[in-house]
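Here the structure is a predicted model, which is why all the values come from computation and not from measurement. Every number for a ligand or one of its atoms is a count from 1 in the order of the listing. For this chain, numbers begin at 1 and follow the sequence in order.
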Amino acid sequence: MKVKKAIIPAAGLGTRVLPASKSVPKEMLNIVDKPAIQYLVEEAVAAGIEDILVITNRGKGVIEDHFDHSYELEKNLEGKKSKEQALESIRRIADLANVYFIRQKETKGLGHAILCGKSFVGNEPFAVLYGDDIIISEDPVTSQLCRVYEEYGCGTVGVKECSREAVKKYCTLDVSPLRDNVMRVHNIIEKPTDEQIISLYAILGRVVLPPEVFGLLEEGIKNVPAGEEFFLTDALAQLGKEGKLTAVDFIGKRYDMGNKLGIMMANCEVALKHPEIGEDFKAYLKELVATL
Ligand code: UTP
């Protein structure tokens with residue numbers, strides 16, 4: 001079955017990028033000239049996804065505004081020769097896809113955020129693009145995963161080998177090879193200790209799941225002690241144990257917009273390739289590096 005829907009969870013508190021994220025959602029922090037979340041919506045659209053649900057919370061209304069028309073601004077730019085490109089760039093955002101919004105009323109973790117999308121998803125497979133993981137690739141990572149989902153008919157997660165330190169912050173996967181960059185997942189452990197690390201593969205920012213995962217999430221959330229975060233990983237691990245999960249060692253460069261260094265790296269690398277400022281930025285960077 002073709003994947004036509006996506007969820008972008010963007011209801012986290014963004015505490016690692018404070019104070020920037022105090023009143024601007026971290027998903028709205030820019031990479032050169034576009035907010036991070038626009039890269040995600042564009043990636044989903046490039047993968048053939050038509051309906052996108054963004055999970056937000058209080059104070060994230062600017063995300064909705066970004067994907068709507070801004071008539072006053074558009075009227076102001078209309079007819080100005082030098083602003084034609086800017087006008088086109090803001091008009092197309094509103095027409096990118098059907099973007100829906102729902103609020104996660106309490107910040108109870110990624111598993112809980114995804115559960116908020118249950119009625120939007122219905123009985124279809126869906127992609128999840130984590131709101132702070134930007135992955136730049138010629139072949140959109142969501143497309144890479146959707147193809148594997150369609151090929152094997154079961155859930156799939158985007159993975160990369162990471163350092164041990166990173167794995168301890170994310171998760172570790174027990175995998176066996178299927179073909180080239182596709183693996184079968186047998187188990188996943190969230191935030192493993194040194195002794196628990198099975199492999200250096202960790203899930204980074206993209207998954208494609210069958211609707212059955214909502215049953216697992218509804219069961220799982222019952223066992224979460226009050227005040228604790230509900231991870232998506234437990235439901236994914238369950239799919240793995242049942243032989244219903246694959247992993248794709250995706251092609252693409254990932255930037256963690258949830259931390260300060262990641263934001264700077266994304267800006268630097270995207271700026272270097274930017275058609276308008278790329279050459280000037282490269283010259284500036286060379287000059288700067290020479291002084292270090
Ligand atoms: P993170 O754990 O990286 O987001 O979640 P966070 O809570 O904002 O991070 P801190 O506070 O800096 O540690 C990964 C993705 O899941 C979303 C986040 O918005 C982010 O895009 N998320 C997380 C939710 O939508 N709801 C939650 O309850 C938690």
Side-chain angles (χ1 to χ4, degrees), residues 6-31 35-44 52-64 66-67 99-118 120-121 126-135 141-142 157-160 162 165-171 188 190-191 202-209 213-214 217-218 220-221 224-236 254-266:
I7 296 181
I8 301 179
L13 297 178
T15 55
R16 286 167 297 150
V17 287
L18 282 169
S21 54
K22 185 184 172 200
S23 53
V24 176
K26 71 172 167 182
E27 297 78 11
M28 286 299 288
L29 295 177
N30 67 304
I31 304 177
I37 195 162
Q38 189 178 329
Y39 288 81
L40 296 177
V41 170
E42 288 173 349
E43 181 189 320
I52 301 166
L53 178 70
V54 183
I55 315 285
T56 65
N57 60 8
R58 282 172 294 283
K60 300 216 177 188
V62 289
I63 301 181
E64 292 187 41
H66 188 73
F67 291 100
V99 186
Y100 304 82
F101 298 88
I102 191 167
R103 284 189 182 200
Q104 182 188 17
K105 297 189 180 100
E106 287 173 85
T107 313
K108 287 187 181 169
L110 187 56
H112 179 258
I114 301 300
L115 253 183
C116 297
K118 185 180 175 218
F120 163 81
V121 167
F126 64 104
V128 180
L129 293 83
Y130 296 18
D132 53 3
D133 274 316
I134 301 303
I135 306 174
V141 178
T142 300
V157 294
V159 298
K160 277 269 156 226
C162 302
E165 281 321 298
V167 165
K168 287 199 278 185
K169 279 193 277 167
Y170 303 137
C171 62
I188 309 169
E190 176 83 19
K191 295 186 177 41
I203 300 171
L204 296 181
R206 302 288 181 275
V207 302
V208 175
L209 297 171
V213 78
F214 287 107
L217 288 172
E218 281 169 332
I221 204 163
V224 179
E228 276 193 26
E229 215 177 324
F230 177 42
F231 300 115
L232 176 61
T233 318
D234 292 345
L236 298 179
R254 176 235 181 202
Y255 301 98
D256 181 0
M257 291 294 288
N259 78 61
K260 293 167 195 173
L261 185 60
I263 293 172
M264 292 317 297
M265 287 157 80

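At a threshold of 4.5 Å between non-hydrogen side-chain atoms, the residues His66 and Met28 count as touching. When side chains are defined from C-beta on, Val159 does not count as touching Tyr170, because their heavy atoms never get closer than 4.5 Å. Using a 4.5 Å cut-off on side-chain heavy atoms (C-beta onward), Phe231 and Leu110 make no contact.
Of all the heavy atoms in Gly117 and Leu53, the pair that sits closest is CA-CD2, 3.5 Å. Residue Val62 comes nearest to Pro25 through the heavy atom pair CG2-CD, 3.6 Å, listed as atom of the first residue, atom of the second, then distance.
For ligand 1, the 4.0 Å heavy-atom shell contains residues Pro9, Ala10, Ala11, Gly12, Leu13, Gly14, Thr15, Arg16, Lys26, Glu27, Gln104, Thr107, Lys108, Gly109, Leu110, Ala113, Gly131, Asp132.
Residue Lys168 qualifies as enclosed at atom NZ: its count of foreign heavy atoms under 6.0 Å is above 12.
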